[in-house]
Amino acid sequence: MSKTLIRGAKVLGGEVQDVLIDGETVARVGTGLEAGGGTVVEAEGRILLPGLVDLHTHLREPGREDSETVLTGTRAAASGGYTSVFAMANTFPVADTAGVVEQVYRLGREHGYCDVQPIGAVTVGLEGRKLAELGAMHESAAGVTVFSDDGKCVDDAVMMRRALEYVKAFGGVVAQHAQEPRLTEGAQMNEGVVSAELGLGGWPAVAEESIIARDVLLAEHVGSRVHICHLSTAGSVEIVRWAKSRGIDVTAEVTPHHLLLTDELVRSYNPVYKVNPPLRTERDVMALREALADGTIDIVATDHAPHPHEDKDCEWAAAAMGMVGLETALSVVQHTMVETGLLDWAGVADRMSFAPARIGRATGHGRPVSAGEPANLTLVDPAYRGAVDPAGFASRSRNTPYEGRELPGRVTHTFLRGRATLMDGKLA
């Protein structure tokens with residue numbers, strides 16, 4: 001079994017220590033450790049984190065391999081410091097059966113850049129009319145615990161209640177894409193001053209907030225877990241905060257782009273800024289940052305949504321919604337949360353590893369950096385500064401809103417069960 005010594009890293013941003021990896025596990029953590037003939041990684045000035053976990057990734061396979069595949073998506077994940085990703089169900093065919101989720105799971109195991117945990121659809125075909133095979137997907141080789149119709153809202157209250165009741169039996173969670181469809185018909189961007197000036201159809205905050213309010217009450221009623229995908233408004237924060245104060249079992253995520261970008265960027269009419277939910281106002285951005293810092297929002301999830309060039313290189317109204325995010329997420333969080341003093345690196349480890357692993361039941365991930373634990377680790381150079389160049393992305397798609405923007409931090413090494421998937425910034 002191979003050995004690797006990570007020498008002189010700041011573990012979770014704190015004390016400088018050496019970490020010895022032996023095989024698939026962390027053998028020792030301390031000072032003055034020897035490699036014992038293994039590889040030495042000099043990590044002075046770098047931050048060692050547990051491998052990142054993304055609860056919201058679109059890998060597109062099967063069906064849209066022109067956008068992304070499990071291979072290219074997991075290579076992008078490793079480049080961004082992730083050792084586990086949860087793959088959303090809106091593939092072609094939809095991941096609403098045991099067969100499809102097992103296919104995605106096995107492709108992840110075969111490629112080996114990070115663990116892939118499929119998310120099962122809540123309803124058949126994401127159509128909202130009939131519950132999918134939730135139990136069969138859970139009992140399959142993929143062991144699905146998270147279910148979502150992401151891309152569409154489970155807007156029928158009876159269907160949502162039934163899903164919450166069903167997953168409660170095996171400790172699962174329903175991850176809701178909170179978007180009241182009737183309130184967002186023809187919507188192109190956030191409803192507000194900018195949409196009025198541009199003459200684009202507005203997407204009101206209440207379309208998100210009304211679904212969240214309903215679903216936390218449903219979760220309380222049936223005693224089940226609900227997770228809110230890509231929360232984006234200040235009002236949504238207040239509803240989740242209220243629900244948690246009542247003891248409702250609700251968790252929530254925010255995307256990196258909603259922590260940084262605002263609807264003012266839509267004035268450029270550049271479709272790279274078209275996303276679901278839409279970019280909101282500066283007030284919303286500040287509320288999201290504060291909520292992530294105080295724990296009202298539990299995690300950062302990328303909503304990595306790759307699209308081929310032709311789906312974004314067109315007029316705004318015809319463009320697909322979504323942004324790639326796996327390879328820039330940690331840099332955006334460093335910029336918006338660490339460098340602003342809202343989170344320390346231990347807080348980043350919680351929001352991007354410990355908490356998402358706990359919500360998704362990702363066994364072996366989100367574990368402490370200590371002896372005997374799986375060696376799923378990420379090494380970050382926080383002093384790095386550089387402009388984002390999508391030409392160097394491992395993802396098959398290039399639809400990033402950060403092209404040319406200088407962001408801090410760079411993942412230099414990623415280890416999956418002791419094996420380097422990224423070494424000195426290069427994929428293994």
Side-chain angles (χ1 to χ4, degrees), residues 55-56 86 88-89 119-123 126 128-132 134-135 137-138 144-150 152-184 204-255 258 277 284 287-288 290-301 350-351 354-362:
L55 202 64
H56 191 149
F86 285 70
M88 278 295 177
I119 292 175
V122 176
T123 66
L126 309 181
R129 293 196 291 267
K130 179 182 178 183
L131 281 184
L134 309 184
M137 287 188 279
H138 175 68
V144 177
T145 58
V146 183
F147 300 86
S148 181
D149 278 1
D150 183 63
K152 295 184 179 181
C153 177
V154 182
D155 61 301
D156 184 289
V158 173
M159 192 65 62
M160 187 64 177
R161 174 182 175 168
R162 288 175 179 164
L164 288 167
E165 289 172 331
Y166 202 113
V167 302
K168 180 183 176 183
F170 50 79
V173 62
V174 178
Q176 175 68 293
H177 173 114
Q179 177 192 349
E180 213 299 320
R182 293 295 301 279
L183 290 174
T184 55
V206 71
E208 174 176 301
E209 295 157 7
S210 60
I211 294 294
I212 295 174
R214 182 202 74 179
D215 287 353
V216 295
L217 291 173
L218 285 173
E220 180 181 44
H221 181 68
V222 303
S224 190
R225 290 200 297 149
V226 65
H227 177 76
I228 308 303
C229 294
H230 42 49
L231 185 150
S232 70
T233 78
S236 295
V237 167
E238 292 308 312
I239 295 167
V240 171
R241 184 174 285 128
W242 170 84
K244 288 188 171 188
S245 75
R246 285 174 63 94
I248 298 172
D249 200 350
V250 57
T251 53
E253 70 189 33
V254 64
T255 70
H258 286 114
D284 292 309
L288 296 174
E290 292 290 345
L292 183 64
D294 70 24
T296 301
I297 296 176
D298 301 83
I299 67 170
V300 175
D350 178 72
R351 307 310 193 270
F354 298 141
R358 183 171 63 250
I359 293 166
R361 309 287 200 255

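This structure is a prediction, so every number in the text was calculated from the model and none was measured.
The CG atom of L55 sits 4.5 Å away from atom CD1 of I299, with the distance rounded to the nearest 0.5 Å. Rounding to the nearest 0.5 Å gives a distance of 11.0 Å between CG of L164 and CZ of R225. Summarising the geometry, atom CD1 belonging to I297 is positioned 11.0 Å from atom CD1 belonging to I228; distances are rounded to the nearest 0.5 Å.
Legend: salt bridge (Lys or Arg N to Asp or Glu O under 4.0 Å) pairs involving residues 206-219, not counting sequence neighbours, sorted by first then second residue: E208-R280. Sorted by first then second residue, the salt bridge (Lys or Arg N to Asp or Glu O under 4.0 Å) pairs that include residues 232-250, not counting sequence neighbours, are E220-R246, E238-R241, R241-D294, K244-D298.
Every side-chain contact (heavy atoms from CB on, under 4.5 Å) that V167 has, sequence neighbours left out, goes to L134, F147, F170, V174, S224. Every residue meeting the side-chain hydrogen bond (donor to acceptor under 3.5 Å, both in side chains) condition with T251, not counting sequence neighbours, appears here in chain and number order: H227. Applying the side-chain contact (heavy atoms from CB on, under 4.5 Å) rule to A207 yields the partners E180, L183, T184, P204; only residues at least two apart in sequence or on another chain are considered. S210 is linked by a side-chain hydrogen bond (donor to acceptor under 3.5 Å, both in side chains) to nothing, counting only residues two or more places apart in sequence or in another chain. Here A362 pairs with S84, F86, A357, H365 under the side-chain contact (heavy atoms from CB on, under 4.5 Å) rule; sequence neighbours left out. For D150, the side-chain hydrogen bond (donor to acceptor under 3.5 Å, both in side chains) partners two or more places apart in sequence, or in a different chain, are H56, H58, H177, H230. Every residue two or more places apart in sequence or in another chain that forms a side-chain contact (heavy atoms from CB on, under 4.5 Å) with A293 is listed here: M337, L342.
Annotation: side chain of V144 is not in contact with side chain of I119 (no heavy-atom distance under 4.5 Å). A heavy-atom distance below 4.5 Å is found between the side chains of V240 and I212. Taking the side chain as every heavy atom from C-beta outward, L292 and R351 approach each other to under 4.5 Å. Under the 4.5 Å side-chain criterion, counting only non-hydrogen atoms from C-beta, Q179 is not in contact with P277.
Shown here for S148 and A89, the closest heavy-atom pair between the two residues is O-CB, 3.9 Å. Contact detail for V146 and A175: the closest heavy-atom pair is CG1-CB, 4.1 Å. Across G120 and M137, no two heavy atoms sit closer than the pair CA-SD, 3.7 Å. Residues V237 and A287 approach most closely at CG2-O, 4.2 Å, considering heavy atoms.
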Let me have the donor-acceptor pairs involving side chains of residues 153-163, under 3.5 Å, with sequence neighbours excluded, atom names and distances please.
from: D156; atom 1: OD1; to: V158; atom 2: N; distance (Å): 2.9
from: D156; atom 1: OD1; to: M159; atom 2: N; distance (Å): 2.9
from: R161; atom 1: NE; to: E165; atom 2: OE2; distance (Å): 3.0
from: R161; atom 1: NH2; to: E165; atom 2: OE2; distance (Å): 3.4

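No donor-acceptor distance shorter than 3.5 angstrom exists from the side chain of K152 to the backbone of G128, with no hydrogens or angles considered. Using modelled atom types, one side-chain atom of D284 and one backbone atom of A234 make a donor-acceptor pair closer than 3.5 Å.
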